[in-house]
Every structure is written in structure tokens, then in C-alpha cells.
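Here's the structure we're looking at; comments come further down.
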Amino acid sequence: KEEGDCFGHIVHNVFALGRVLITKKEYYEGRMPFDLMTDGVTCFFWDDNNTAQWNIDRVLSHDLQEIGKNAHNRFNEVVNFNKEEEKIRRFLERAV
């Protein structure tokens with residue numbers, strides 16, 4: 001979707017599963033999931049300045065299993081839900 005999804009639940013799930021994301025850079029630039037994204041390494045940014053076939057050929061010229069592994073590894077580097085849970089738990093304990 002054009003406006004992105006702020007936190008990026010879909011993007012985080014795609015990266016956690018080690019799948020290949022194809023999206024437009026402007027949908028996520030400046031938003032939380034952008035830290036996961038490196039064009040041609042962990043995902044692909046669709047380039048409107050080129051044809052659809054050019055974009056397809058570019059994606060298919062890469063080892064998609066490797067891109068998926070890179071995406072999963074990047075997810076593990078950036079995201080730590082256990083650490084987040086600890087922070088939330090401490091916050092809630094102070095609020096009570």
C-alpha cells in the first residue's frame with residue numbers, strides 16, 4: 001500500500017521468515033522497517049524509472065535464497081522482541 005504501514009508488521013514478518021520483499025523505497029523510507037532494507041541485499045526496491053520487465057529481470061538475476069537469508073539475518077540483527085517485552089513489562093510495572 002502506498003502509505004506504508006508505519007511499524008511494518010508485514011515487512012517484519014517477511015524478514016523474520018526469510019522471504020524476499022519487493023517494494024518501493026518511498027513507501028518505507030523514514031519509517032521503522034527501513035532499517036531492515038538494503039536494496040539488492042535484503043530486499044528489492046521497485047524502480048519506476050525502468051520497465052516492469054527490467055525490475056523482474058533484476059530480481060531474477062539474484063540468488064533469491066541468499067537474499068532471503070540476508071533478510072532473516074538482518075531481522076535478527078535489528079529486531080529483539082524479547083528486549084522490547086522486557087522494556088514494556090518494566091513500563092507497566094511502574095504504571096501500576
Determine the minimum heavy-atom distance between E26 and R31, stating which atoms define it. O-NH1, 4.3 Å

Among pairs that include at least one residue of residues 60-82, which meet salt bridge (charged side-chain N to carboxylate O under 4.0 Å, His left out), considering only residues two or more places apart or in two chains?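 Counting only pairs at least two positions apart or across chains, the salt bridge (charged side-chain N to carboxylate O under 4.0 Å, His left out) contacts touching residues 60-82 are R74-E77.
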
Does [X] share a hydrophobic cluster with [Y], counting links as ILVMFWY side-chain heavy atoms below 4.5 Å and allowing steps through other members?
| X | Y | result |
| --- | --- | --- |
| V14 | F45 | yes |
| I56 | I22 | yes |
| V78 | I10 | yes |

State, with a plain yes or no, whether a side-chain heavy atom of [X] is found less than 4.5 Å away from one of [Y].
| X | Y | value |
| --- | --- | --- |
| N55 | T51 | no |
| V79 | F81 | yes |
| F44 | L21 | no |
| K25 | W46 | no |

Set of side-chain contact (heavy atoms from CB on, under 4.5 Å) partners for N76, sequence neighbours left out: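 In terms of side-chain contact (heavy atoms from CB on, under 4.5 Å), with neighbours along the sequence ignored, N76 is linked to H72.
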
Ring pair (Phe, Tyr, Trp, His ring centres under 6.0 Å) involving F75 - partner list, sequence neighbours excluded: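 Partners of F75 by the ring pair (Phe, Tyr, Trp, His ring centres under 6.0 Å) criterion come out as none, since no residue qualifies.
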
Partners of Q53 by side chain to side chain donor-acceptor pair (under 3.5 Å), sequence neighbours excluded? D57

Sequence-distant partners of D48, side chain to side chain donor-acceptor pair (under 3.5 Å), two or more places apart: K24

Indicate yes or no for a side-chain donor-acceptor contact from T38 to the backbone of V41 under 3.5 Å, with no hydrogens or angles considered. no

Given N70, N73, L36, the one that forms side chain to side chain contact (heavy atoms under 4.5 Å, CB included) with F15: L36

Go through it in stages, so that I can follow the logic: the residues are T42 and I67, the test is side chain to side chain contact (heavy atoms under 4.5 Å, CB included), and I'd like the CA-CA distance, side-chain angles, deciding distance and then a yes or no. CA-CA 5 Å; T42 63; I67 299 292; 5.7 Å; no

V20 and H62: side chain to side chain contact (heavy atoms under 4.5 Å, CB included), yes or no, with the steps? CA-CA 11 Å; V20 178; H62 286 76; over 6 Å; no

About how many Å separate SG of C43 and CZ of F34, when rounded to the nearest 0.5 Å?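 It is 8.0 Å, given to the nearest 0.5 Å.
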
Applying salt bridge (charged side-chain N to carboxylate O under 4.0 Å, His left out), can you list everything that pairs with E85, at least two apart in sequence or on another chain?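 Once residues adjacent in sequence are excluded, the partners of E85 under the salt bridge (charged side-chain N to carboxylate O under 4.0 Å, His left out) criterion are R89.
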
